[in-house]
Every structure is written in structure tokens, then in C-alpha cells.
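Everything on this sheet refers to the single structure shown next.
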Amino acid sequence: MDHPPPRGPARIDFQTDPSRYRHWKLSIDGAVATLAMDVDPAGGLFDGYELKLNSYDLGVDIELADAIQRLRFEHPEVRAVVLRSAKEGVFCAGANIRMLGRATHAHKVNFCKFTNETRLGIEDSSENSRQFYLAAVSGTAAGGGYELAVTAEHIMLIDDRRSGVSLPETPLLAVLPGTGGLTRLTDKRRVRRDRADVFCSTEEGVRGRRAVEWRVVDEVVPPSAWEATVRQRALEWAAKSDRPADAKGVALTPLDRTFTDDGVRYSLVRVEIDRAARRADITLRGPDAPPPADVAGIAAEGAQFWPLRLGRELDDALLHLRANEAEIGLLVFRTEGDPAAVLAYDALLERAAGDWLVREVRHYLKRVFKRVDMTSRSLIALIEPGSCFAGTLAEIAFAADRSVIFAGVRAGDNKPPATITLSPLNFGAYPMGNGLTRLQTRFLGEPQTLAAAQATAGTALDADAADAAGLVTFAYDETDWDDEVRIMLEERASFSPDALTGMEANLRFAGPETMETRIFGRLTAWQNWIFQRPNAVGDEGALKRYGSGIKPAYNPQRV
Amino acid sequence: MPDGMQVDYNGLIPNNVGLNDDARVRKALETWHPGYIDWWKDMGPEGFQESLVYLRTAIGVDPKGWAKFDYVRMPEYKWGVLLAPAVEGRTIPFGAHKGEPAWQEVPGEYRAMLRRLIVIQGDTEPASVEQQRHLGATAPSLYDMRNLFQVNVEEGRHLWAMVYLLQKYFGKDGREEAEELLRRRSGNEDSPRMLGAFNEATPDWLSFFMFTYFTDRDGKMQLEALAQSGFDPLSRTCRFMLTEEAHHMFVGETGVARVLERTCAAMKEAGIADPNDIEAVRALGVIDLPTIQKKANLHFSLTLDLFGNEISTNAANAFNAGLKGRYREDKLTDDHQLTSDTYPVLRPRDGAIVEEQVPALSALNMRLRDDYVADAQAGVGRWNKVFEKAGINFRLTLPHVAFNRRIGEFSAIPADAQGRVLDAAGWEAVRDTLLPTEDDNHFVVSLMQPEHRAGRYASWIAAPKVGIDNKTGEFEYVKIHE
């Protein structure tokens with residue numbers, strides 16, 4: 001029996017703010033913030049399920065992502081964040097199973113990807129913003145609930161002989177912990193693999209002393225000492241932070257955006273959809289004016305500061321396309337503007353790298369570019385006359401599966417010829433999930449090419465020079481451009497979307513494995529496979545039968 | 001002699017499960033035994049451990065002649081492992097495995113679920129002993145004191161029954177859980193018992209009677225459901241426990257009835273017709289009827305929480321797996337699988353309480369709770385006979401199931417005893433008329449003066465019509481040795 005697709009919002013919106021939260025309570029007391037999960041059971045994004053026991057869906061996670069982002073930008077004074085539950089007896093029961101059972105495959109994959117990005121964002125806050133996350137687990141933290149806790153630097157578990165942590169996906173649901181649970185057990189927590197095996201196949205998980213002994217939590221605390229210890233630990237972590245006590249936060253004001261049938265228009269980003277061609281043209285605009293002189297000027301501009309505004313708009317555009325435009329398989333990136341103006345901003349971002357706000361902006365751009373890397377659509381960069389693929393914006397070209405540069409100028413067009421200019425920010429500010437820069441990844445087998453490219457930093461490279469430096473895939477002049485680009489895009493659109501997703505993901509993340517690449521890679525390879533299999537999603541599968549009391553029927557064949 | 005009707009008293013642990021021939025389990029139980037005795041001495045009845053109590057002890061599992069009565073010092077009580085006789089050729093009565101031979105060993109795939117069911121049941125047994133440990137000091141009579149201790153030693157034996165299952169069938173995990181059962185403490189902040197109602201204090205004897213009437217009746221329902229289990233040792237254990245549990249509810253029902261009788265008699269003697277003339281009634285040294293209603297409201301609502309969420313995946317899984325059935329599953333005439341049935345569940349919707357049909361498997365907690373309410377209602381009817389007989393214009397009623405709930409569908413909404421949904425202010429306005437206030441509790445506690453003379457009863461409770469073991473109410477049920 002096929003379920004009708006669940007009814008949900010016409011468009012999933014990734015923008016929210018604390019006044020609109022339905023599922024989280026954010027409170028701040030000096031250097032310590034508390035992010036308390038209090039999911040509204042009736043607040044699901046789609047019909048047909050209730051978010052009981054602090055279980056979550058994409059809507060809950062959108063709020064979490066928003067809170068994390070705001071804590072970084074709006075609250076420089078916050079040095080430690082305590083993740084906890086506002087509900088008695090449960091920390092978080094993980095992703096809502098009925099939601100997963102009913103959701104389309106594409107929605108599940110997108111949901112898991114976004115939650116993974118959010119979880120990694122929490123770790124990025126601790127590591128790079130020095131805004132340390134602690135998890136105060138009272139009640140059950142099961143599945144995604146434990147995966148949320150395990151993103152923290154320090155996990156505290158109340159020792160009331162009831163509360164525990166578990167990853168019950170395999171025994172209970174016939175799927176995997178999809179948000180990095182398995183990988184973080186072995187890679188982050190360094191849990192012994194045989195213990196991890198027991199942990200992940202025991203529905204009720206572990207609690208008390210054993211949880212500490214197995215390193216799935218950092219400490220257990222008796223209820224009588226709970227509140228005081230949570231406070232104490234938060235203050236201890238806060239003391240390790242270098243965040244400024246006296247800085248003023250930057251309000252992340254609502255985005256300037258307009259949705260139309262065929263795209264979205266932001267102040268600096270334009271998304272134009274050609275549905276027949278299953279293509280979205282995404283144009284990023286460079287700065288109109290020189291950057292502010294100093295960090296005080298950046299703070300004064302706040303959310304309007306060009307790199308931050310551009311990052312937020314691109315981020316939202318990517319999330320919108322992922323969640324709401326599943327059939328748009330091809331993203332074509334362009335830029336417009338003066339490369340020198342972009343480089344002037346890069347120089348400021350580099351000069352003022354020690355400032356807390358600049359640090360936030362740089363790490364945010366890093367995360368947005370990672371979001372580009374993680375977007376399972378074909379990415380093409382068209383580097384045309386009048387464009388500004390310089391420094392930070394050049395990362396878009398390096399993130400693309402292919403980049404094509406226009407050689408020379410068009411007849412009768414007064415736009416300046418296309419160039420690529422590298423800046424110091426291309427060489428360390430924006431690492432990929434594999435820990436390398438996009439150029440390092442690009443030139444894994446050619447260290448000399450990488451060194452030569454680095455030597456050109458600050459110099460505008462025209463089409464021939466960029467081609468010679470290995471920074472673009474093709475260079476075409478006016479004679480060939482229109483046809484070659486058209487054919488490339490049409491050909492791309494004709495391939496199997498599945499094969500393209502797999503091929504691109506394989507080719508994009510060359511080089512070393514990190515916990516992050518393992519998390520996404522394992523998700524892609526295993527979870528997304530399991531999510532397709534009858535043992536999970538068939539009518540007799542575990543996700544469909546969950547809650548009915550009827551046991552799932554498994555096909556015993558090992559694949 | 002396993003499965004025998006007679007209990008083997010030769011070893012340390014009386015049993016009818018052939019413990020002599022099962023060295024592994026015998027060793028496990030003998031290792032656990034000292035910890036149990038320590039627990040009993042620490043957390044069992046306070047005082048009276050040296051007193052001789054006229055207790056019944058099981059000597060067989062034949063329903064006709066299973067018990068003998070004699071004076072016993074409680075720490076020397078013969079706690080043991082007693083299973084109802086095996087039924088030849090028993091099959092799994094319900095769920096996906098219906099009709100297959102009942103399991104004599106734990107099926108691997110259900111081990112965790114089964115262990116959890118047993119641990120939760122097991123945890124309630126010592127919990128109530130802990131909750132009631134101070135009551136001996138204020139017993140209204142030796143008869144009541146003896147009943148209290150009988151309930152206590154049998155709850156202790158029920159712990160033994162669950163611990164036997166854990167140690168025999170659940171290996172190392174089972175032994176650890178058995179130890180944990182001795183470590184948790186009712187009402188302890190750091191180490192509470194697992195279920196909320198078992199962490200509430202039992203501060204006075206009226207609470208004790210209400211607890212044994214209402215909360216032990218939940219125990220009965222749970223045991224009835226587990227007695228249907230396809231895991232045969234659990235079924236047999238619970239069947240025998242039910243014969244003991246019946247006495248606990250008898251203590252509750254007759255205890256409350258005797259309180260009502262005494263209040264009615266005192267009111268009549270004093271010529272008070274209005275049950276709501278609380279001050280006048282209290283001045284007689286008896287408990288006024290509205291306060292008794294409030295106590296009933298409290299214990300009934302706390303007990304309903306023990307049934308868990310009305311719509312429950314765990315309950316569905318346990319039924320489908322053949323581990324926990326419905327109340328009197330064997331008397332029901334449906335397909336015992338319920339995969340296509342529905343069951344009506346009460347839920348709050350937009351400020352009103354509505355009935356929705358939900359898949360029957362998911363609604364098993366609701367169903368067991370409905371059976372419980374019907375069962376509890378019957379005794380309330382018998383209590384009301386006391387008023388009719390005495391000619392007092394009063395009726396005790398059970399509050400609506402939405403009243404004063406902390407678990408399940410109704411935990412989010414305040415409701416009054418009629419099930420009218422209230423706002424926070426509305427609830428504050430009626431709370432003190434529906435639940436015992438500090439003043440009420442203080443008054444009840446003030447009446448709790450011990451009466452340790454044989455045949456004498458405290459001012460607020462009537463003597464029983466008949467005693468225990470065909471003895472009279474004057475019999476010296478406890479020979480107190482302080």
C-alpha cells in the first residue's frame with residue numbers, strides 16, 4: 001500500500017528567528033547559554049505524525065541551526081552553550097520515526113544531510129568560535145538524540161538509574177544512526193569497536209558507570225548534584241574561551257528576498273530557474289563599494305557587511321533549491337562585479353582575521369562553501385566577461401564540477417574580459433570537509449601546479465593563463481562558447497540523476513578521509529542504500545511497521 | 001522435583017522449581033540473598049523486626065491449600081521461589097506467535113524487551129515496602145499491623161519471584177539488574193524507583209489503604225497481563241503472585257470500608273447529617289468523607305499514570321511478541337492478534353476530550369487501563385453500600401481519567417474530576433477541593449496514634465467483621481517485641 005505523499009508546507013523555509021521558535025528555548029545567562037529542546041508535538045512540518053518525546057523533523061532542526069548561527073554572531077559574550085531538554089524523562093528521542101516512515105526518499109536524504117551539517121556546525125562552533133557546547137543529558141537520549149549530544153565537547157549524563165544513551169536504530173528500526181552516530185563513536189569518542197558494536201545493537205543502550213567506562217559520555221552526575229554540576233562545567237568550559245566579553249553582537253536581520261515562480265531574488269544573489277532545462281542559474285554579485293576601513297566599520301555594517309550578506313543569501317538559496325526544487329539538477333554559477341573590489345574585502349578579512357567577528361564571517365563562508373560541496377546537483381561555474389571570480393568568490397569555481405572561462409570579449413560588449421584572481425584566502429581560509437583547501441584537493445597529484453598557482457596570488461589571470469594554471473576545465477572564445485556551453489549543459493541534463501549524484505560525490509572529495517567526510521560518505525553509501533531497501537521501507541519493513549506492534553519481516557539475504 | 005505442587009524447604013531458599021538440581025541459579029540466588037536481607041533490615045518495616053507476626057507462608061501452589069499461618073519473625077520469613085503448576089502443552093495465547101508452543105527459554109530476539117518488563121514489574125515490589133516502612137509505628141490495631149506486614153513480606157516475595165526469573169534466564173545482565181533492584185530507593189532523589197507513583201510517600205494509614213486498593217490493583221492488572229505471557233516461566237510466576245496480590249486488595253478495600261463505617265457511625269452518634277460539615281466531623285476524631293474522596297482522587301489518578309501512554313509502541317511490541325497479553329486474554333473471543341482491529345482512545349483535542357479509534361495494538365495500555373477502571377469501580381460501589389446502610393447522604397466516585405494526570409494524553413491539560421478541561425487559573429481554583437491539602441494531610445496524620453492492644457482499634461477505624469485465618473478481631477496478631 002503506497003501512502004500518499006505527506007502534506008506539508010508549499011515551500012520549506014530555512015529562515016526563522018527565536019521569536020518564532022516552536023521547539024527550542026534559548027536563554028542566556030552571562031557567558032553561558034542554554035538551548036533547551038522542548039518540541040511541540042503538534043508542530044511537525046508535515047501532516048501525519050506527532051513529534052512526541054522530543055523527537056524531531058526538519059522543522060525542529062531548522063530552528064536548531066538558526067539558534068547555533070545566532071549564538072555565534074549575535075552573542076559574542078556567550079562562551080559555553082548547554083544543550084538540554086525541557087521535558088522530563090527524555091532528552092531527545094531522535095528523528096521522528098513516523099515522519100521517516102512516510103517521507104519520500106529525497107526528503108529523508110535532504111533531512112539527514114541538513115541535520116549532519118547542523119551537527120558539524122555545532123562542532124565547528126566549539127572548535128573555531130571557541131563557543132563550547134556541552135550536552136546535559138537527563139532522560140533518554142536515543143538515536144538522533146544521542147547523536148545530538150555527541151556533537152558536544154562534554155557530555156554529562158544524569159545518574160538517576162533511568163536515564164541513558166543509546167543508538168537503537170539497528171535493533172529497532174533496521175536503519176543506521178544517520179547523523180554521524182556510528183562515526184563519532186569510533187572517530188571522535190574513540191569507543192572500542194566491539195563495545196560500539198554492543199552499544200549499537202542494544203536497544204536500551206547504556207547508562208551510569210558503564211556509559212563513562214565505555215566513553216559514550218564524559219561523566220555521570222547524581223540528581224542531587226545535577227544542576228550545580230551542569231552550571232559548574234559550563235563555567236569551566238567558558239573560562240577556556242577567547243571570545244570577547246565586551247563586543248557587541250551582530251543581529252542577523254531578516255534576508256532581503258523575493259520568491260517568484262521561477263526563482264528567488266536576494267540583494268546579492270539571483271536564482272533563475274529554467275524548468276524545461278532543469279537548471280538554475282545562480283548569479284552572485286560582488287561588492288558595490290570598498291570595504292570598511294577597520295573592524296569597527298565591519299561591526300557597524302553588521303549583517304549588511306558584503307561577505308556576510310552574500311554568505312547568508314547563498315546559504316539560503318542552496319537550502320531552498322535542495323529542499324524545494326528536487327528536479328533542478330544543474331546549478332550554473334556566475335558572478336558579476338569588480339574583481340578588485342572582492343580582493344579588497346579579502347584583504348580586510350585577512351588583515352583583521354584576529355577579530356572575533358571576522359573570524360565568524362570567515363568560518364561562516366567556509367561552511368557555506370561546504371554546503372556547495374555537499375549539494376547533490378551538478379555544479380557548473382561559467383566565468384564570463386564582467387565576472388569577479390576572485391579570491392573568496394573563486395572558491396565557487398573550485399567547488400564546481402566543471403568551470404568554463406570565456407576567452408576574450410564578446411563583440412560589441414564593453415564588459416571587461418573574464419579573469420580569475422587568487423588571494424591568500426584561497427589557501428587556507430575555506431577548507432573542505434576533507435581538511436584540505438579546494439585547490440589542494442584539485443591539485444592532489446600536482447604539488448608543483450599548486451605552488452605555481454599560489455605564486456600568482458593577486459594577479460588577474462585571463463582565460464589562457466587560468467587554463468594554463470589548471471584553474472579551469474575549459475576556455476572557449478566567442479566562436480565556440482555558446483555551442484559548447486549549451487551542449488555541455490544539455491548533455492549533463494540527459495544523464496541519470498542518480499549516477500551523477502554518485503559520480504560527483506566520489507570525485508569532489510578526493511584525498512584524505514576525515515571524520516566529516518566519513519560521516520557524509522557513510523551516510524551516502526550505507527544509510528541511503530538502507531533507506532531504499534524493503535527491509536526498512538517496504539510495507540513489511542521496520543520503518544513502516546514501527547509503532548504498529550507488528551514485527552517487520554526481513555529478507556534474510558546479505559548483500 | 002520441578003513443577004511440583006509442594007515447596008521444598010530443605011535449602012536456604014524454599015522453592016518448587018528444583019533449585020537443588022540447578023547449581024548455577026541456586027548459587028546466584030544464594031549470592032543475592034544476603035543483600036536482600038540487608039535491604040529488608042535497612043528498608044523493610046521500621047521496628048518490629050523481632051516481633052512475632054502471625055503470617056501466612058506458602059507451602060504449596062495448589063490454590064486450595066497453599067498457605068499456612070504461624071507466628072514468624074519477619075527477617076526469618078520463608079521467602080522463596082514459587083511458580084504455579086505447569087500446564088501441559090500450553091501454547092502462546094496471542095500475538096504473532098499465537099499457537100506455537102509456549103517458550104520455556106527466553107527467545108533471543110525478545111530478551112531485552114522481556115527483561116525490561118520483568119525489571120519494571122520487579123522494581124515496584126520492593127518500592128511499596130519502602131514506601132510503607134514507617135507505618136508500623138502508627139498501626140491502628142494489631143490486626144492492621146499484621147496485614148501491613150503480610151503485604152510487605154509478600155511484596156518481598158514478589159521481588160524474589162522476579163529476581164529468580166532474572167537470574168535464571170537473563171545471565172549476567174539479569175544478575176546486575178537483580179542487584180540494581182536492591183539499590184534503588186523509593187523517593188530517593190539520586191536513586192529513585194522507576195515509576196512515579198512508587199516514589200510517592202505513604203504517610204498515613206488511609207494512604208496505605210488507598211494504595212493497596214488502587215495501586216496494588218494496577219499490580220494485579222499488570223500481573224494478569226503478564227500471566228498470559230508466552231514466556232511460560234513468567235506466566236507461571238505471575239499466576240502464583242496473583243493469588244497473593246488478592247489479599248493486598250482485600251486489605252485496601254476493607255480498610256477503606258472500615259474507615260467509612262467508623263466515620264458514618266460517629267456522625268450518626270453525634271447527630272451530624274451533613275458530610276460537608278468537616279469541622280464537626282473531624283472533632284469526633286474520625287476522618288471526614290470529603291477528605292476520603294480527595295485521597296481516593298489522588299491515588300486513583302497517580303495509579304492511572306502507571307499504565308503509561310495510552311498509545312504505546314512498547315505495549316504493541318510486547319503484545320505482538322507474545323510477551324504481555326491483555327487482562328484475561330484467555331477469556332476474550334477475538335483473534336488474539338489484533339492486527340486489523342481498532343480500539344477507542346480518549347484524547348484531548350482543541351480543548352475538549354474526544355474519542356478516537358486507533359489501531360488496537362497501539363492502544364493496549366488504554367485497554368488495560370479501561371479494564372482497571374471497571375475493576376476499581378466495583379469496589380467503590382461496595383464502599384457506597386456503607387453509606388446506604390448507615391443512611392448517610394454521600395457517595396464516593398472515581399474522578400475522570402483526565403483528572404490530575406502527569407503521563408499520557410491528559411498530562412498536558414488540567415481537568416476537573418468530571419473531565420472538564422480547565423485553564424491554569426481554573427485548576428488553581430478547584431485544586432484544593434479535589435486533592436488533599438496540607439491541612440487535610442496534617443489532620444489525617446494527627447489521628448495516626450498507635451493502638452497496640454489486642455482487640456482494640458484506633459478512633460477512626462472500625463473493627464473488622466472477621467479476622468484472619470478464622471481468628472477473631474481480638475486475636476493477638478502481632479506479639480510486639482521492641
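Protein chains get the first letters and strands the later ones, always in sequence-line order, with residue 1 at the start of each.
Ring-plane geometry between A:Y56 and A:F111 is classed as tilted, the angle between the planes lying from 30 to 60 degrees on a 0 to 90 degree scale. Aromatic ring pairs are classed by plane angle as parallel below 30°, tilted from 30° to 60° and perpendicular above 60°; the pair A:F46 and A:Y49 is tilted. Relative orientation of the B:Y372 and B:F307 rings is tilted, given thresholds of 30° and 60° on the angle between their planes.
Of the atoms belonging to B:Q337, not a single heavy atom falls under 4.5 Å from chain A. Only the side chain of A:R162 comes within less than 4.5 Å of a heavy atom in chain B; its backbone stays farther off. In this structure, the portion of B:R115 lying under 4.5 Å from any heavy atom of chain A is its side chain and not its backbone. Of the two parts of A:S548, only the backbone, made up of N, CA, C and O, holds a non-hydrogen atom closer than 4.5 Å to a non-hydrogen atom of chain B. In this structure, the portion of B:R116 lying under 4.5 Å from any heavy atom of chain A is its side chain and not its backbone. Using a 4.5 Å cut-off between heavy atoms, B:A96 makes no contact with chain A at all.
Between the side chain of A:T229 and the backbone N or O of A:A225, at least one donor-acceptor pair lies under 3.5 Å. Side chain of B:E310 to backbone of B:M366: no donor-acceptor contact under 3.5 angstrom is found.
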Check the pair B:E200 / B:R406 against salt bridge (charged side-chain N to carboxylate O under 4.0 Å, His left out), numbers first and verdict last.
CA-CA 13 Å; B:E200 301 281 338; B:R406 282 194 270 172; 3.0 Å; yes
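Most heavy-atom pairs under 4.5 Å with chain B: of the set A:E203, A:E204, A:K52, this distinction falls to A:E204. Between chain A and the residues B:T313, B:N320, B:D190, B:L361, the most heavy-atom pairs under 4.5 angstrom are made by B:D190. The residue among B:G95, B:P192, B:A112 with the most heavy atom pairs within less than 4.5 Å of chain A is B:P192. Among the candidates B:N314, B:L364, B:N317, the residue making the largest number of heavy-atom pairs closer than 4.5 Å to chain A is B:N317.
Using a 3.5 Å distance cut-off with no hydrogens or angles, the side chains of B:Q228 and B:E224 do not pair a donor with an acceptor.
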